[in-house]
Protein chains: 2
Amino acid sequence: MAMGLSRADWTEAALDALAQDGLGAVAIDPLARRLGATKGSFYWHFANRDELIAAVLERWEQRDTIELVAEIDKIEDPRERLVGLARIALGQAARGADAQAGVLAAASDPRVAPALARVTTTRLAVLERLYRDVGVEPEAAERHARLTYAIYVGMSDLHRAVPQAALRSAADLEADIELMVDMLVPAASGA
Amino acid sequence: MAMGLSRADWTEAALDALAQDGLGAVAIDPLARRLGATKGSFYWHFANRDELIAAVLERWEQRDTIELVAEIDKIEDPRERLVGLARIALGQAARGADAQAGVLAAASDPRVAPALARVTTTRLAVLERLYRDVGVEPEAAERHARLTYAIYVGMSDLHRAVPQAALRSAADLEADIELMVDMLVPAASGA
DNA sequence: ACCTGAACACCGTTCAAGT
DNA sequence: ACCTGAACACCGTTCAAGT
């Protein structure tokens, strides 16, 4: 069953594994079992595990940064754009569909570091632009971007760290988004 | 060389490995080589790898939560206590001495989840108390605590994600601490 | 009491062989 | 073109044997 696996199939399964159980779970043998194939099949599509890791990071960068930013930029109103970003990003984090934590844990891994630095820099630049669009002074926008991004990453981690606690419900997710939006919008309307 | 290894020696080395390269690096063979011992030696001190993981998480909880809170509580002035906490926590994160990211990446691992939930809950409770001590209303204190903690975790991750960028210098660390303190103190003096 | 060294199971990797 | 299956190196684990 599941004949004719593509490189994309392996990569997608690996991205799931990364989000759920970290880089160590991006492992050929378990993925092969999960996909109903042999390890030998994997080596038709990839030279080795490193190439799979590279592909999975590229896919992550594409989906959770490039495509996400394109989505956000469809929103006309600058203020709504910030709120929309908060909603998408935190929603994704709460669903556990975010590979961010998995990538961060492997931050010092030389295969991971370049992609992580690139993604982080891009995201900070995007946020900075969104803040400028909403009327924040250039220097303040840079600090706002850093603080906002820290809050996003931190909130993601909180949801992962205390999944059984109050944070979990949809109402609480709404509350967290509002906290973040409160954080964003007054700051934006202020300076 | 390095004869007579203790359980604590193995645990300390494992905590280093966890902070630097994640849970996967808490591995017997590499640690044995690093400590100049054989794998057989490890199994005198521990039943198995899981027991080492439990020990390392316990040590992390002790050092980066229990002892840290005790340290903070020595500070008399409530406002200074918040600033002091920010300074210690971010300083540690910037030195890469923080196992937080490594633990978070393995958040879904059943060996890790209980310790992580316990630590997170404790830290949020401590922060909430610090905010109440500084005069914040109870309900606001809980939200302030969550937001502040998210900022701390997020800032830690930023430092890990973009180590080569501007964030790295001591001056920038100071700036980040001030950002966080600005975040804390006006909020505290406010409500 | 504390450690070594050899043994075996698991996952990364290779490769000859199949369809 | 795409995959299997057997082979071998690495790390977790066991255990008899050493000091």
Side-chain angles (χ1 to χ4, degrees), chain A residues 1-59 99 102-103 105-106 108-112 115, chain B residues 1-59 99 102-103 105-106 108-112 115:
Chain A
M1 46 206 73
M3 311 164 301
L5 288 174
S6 69
R7 204 180 144 94
D9 292 327
W10 286 95
T11 306
E12 207 65 36
L15 188 54
D16 271 14
L18 174 63
Q20 288 201 277
D21 299 304
L23 192 68
V26 180
I28 297 156
D29 199 69
L31 288 177
R33 262 178 273 138
R34 181 165 153 183
L35 290 169
T38 62
K39 298 189 278 182
S41 160
F42 169 85
Y43 284 94
W44 174 257
H45 300 285
F46 297 88
N48 50 31
R49 183 170 176 251
D50 279 6
E51 200 174 298
L52 174 63
I53 290 173
V56 99
L57 290 171
E58 202 173 322
R59 181 84 192 93
V103 175
S108 69
D109 188 306
R111 295 165 298 188
V112 172
Chain B
M1 45 208 77
M3 312 165 302
L5 288 176
S6 68
R7 206 179 144 94
D9 292 327
W10 285 95
T11 305
E12 207 64 37
L15 188 54
D16 271 15
L18 174 62
Q20 287 201 278
D21 299 304
L23 193 67
V26 180
I28 297 156
D29 198 70
L31 288 176
R33 262 180 271 138
R34 179 164 152 184
L35 291 169
T38 61
K39 298 188 277 182
S41 160
F42 169 85
Y43 284 93
W44 175 257
H45 299 287
F46 297 87
N48 50 32
R49 183 170 176 250
D50 279 5
E51 200 174 298
L52 174 64
I53 290 173
V56 98
L57 290 171
E58 204 174 321
R59 180 84 194 95
V103 175
S108 69
D109 188 306
R111 297 166 297 190
V112 173

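Throughout, protein chains are lettered first and strands after them, A, B, ... in sequence-line order, and every chain is numbered starting at 1. Values reported hereafter were calculated over all heavy atoms of this structure, with side chains retained and with hydrogens, waters and symmetry mates removed.
Residues that satisfy the salt bridge (Lys or Arg N to Asp or Glu O under 4.0 Å) test with A/Glu12, not counting sequence neighbours, are A/Arg59. For the salt bridge (Lys or Arg N to Asp or Glu O under 4.0 Å) test, residues two or more places apart in sequence or in another chain that qualify with B/Asp29 are B/Arg33, B/Lys39. Under the side-chain contact (heavy atoms from CB on, under 4.5 Å) criterion, B/Ala54 pairs with no residue, sequence neighbours left out. Partners of B/Asp21 under the salt bridge (Lys or Arg N to Asp or Glu O under 4.0 Å) rule, at least two apart in sequence or in another chain, do not exist in this structure.
Checking B/Val26 against A/Phe42, the closest nucleotide of DNA chain D that is more toward the 5' end is the one next to A/Phe42.
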Please tabulate the protein-to-nucleotide N/O contacts below 3.5 Å involving nucleotides 7-11 of chain C, giving atom names and distances.
from: C/dC11; atom 1: OP2; to: A/Asp29; atom 2: OD2; distance (Å): 3.0
from: C/dC11; atom 1: OP2; to: A/Arg33; atom 2: NH2; distance (Å): 3.0

Heteroatom pairs (N/O) under 3.5 angstrom, protein to nucleotides 15-19 of chain C:
none

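No donor-acceptor pair under 3.5 Å is formed between the side chain of B/Thr11 and the backbone N or O of B/Ala55.
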Pairs under 3.5 angstrom only: tabulate donor-acceptor contacts from the side chains of residues 45-53 of chain A to other protein residues two or more places apart or in another chain.
from: A/His45; atom 1: NE2; to: A/Leu5; atom 2: O; distance (Å): 2.8
from: A/Asn48; atom 1: OD1; to: A/Asp50; atom 2: N; distance (Å): 3.3
from: A/Asn48; atom 1: OD1; to: A/Glu51; atom 2: N; distance (Å): 3.0
from: A/Arg49; atom 1: NE; to: A/Val26; atom 2: O; distance (Å): 2.7
from: A/Arg49; atom 1: NH2; to: A/Leu23; atom 2: O; distance (Å): 3.1
from: A/Arg49; atom 1: NH2; to: A/Val26; atom 2: O; distance (Å): 3.2
from: A/Asp50; atom 1: OD1; to: A/Arg111; atom 2: NH1; distance (Å): 2.7
from: A/Glu51; atom 1: OE1; to: A/Ala47; atom 2: N; distance (Å): 3.4
from: A/Glu51; atom 1: OE2; to: A/Arg7; atom 2: NH1; distance (Å): 2.9

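Using a 4.0 Å cutoff on non-hydrogen atoms, the parts of residues 47-55 of chain B near DNA chain D are B/Ala47, B/Asn48, B/Arg49, ordered by number.
Atom-to-atom, CG of B/Leu35 to C1' of C/dC3 comes out at 14 Å; the value is rounded to the nearest Å.
The side chain of B/His45 contributes an N or O atom lying less than 4.0 Å from OP1 or OP2 of C/dC3.
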Exercise. Using a 3.5 Å limit on both pairing distances, list the dot-bracket string of DNA chain C from the 5' end; Watson-Crick and G-U wobble pairs count, crossing pairs take [ ], interstrand pairs take |.
Key: ||.|||||...|||||.||
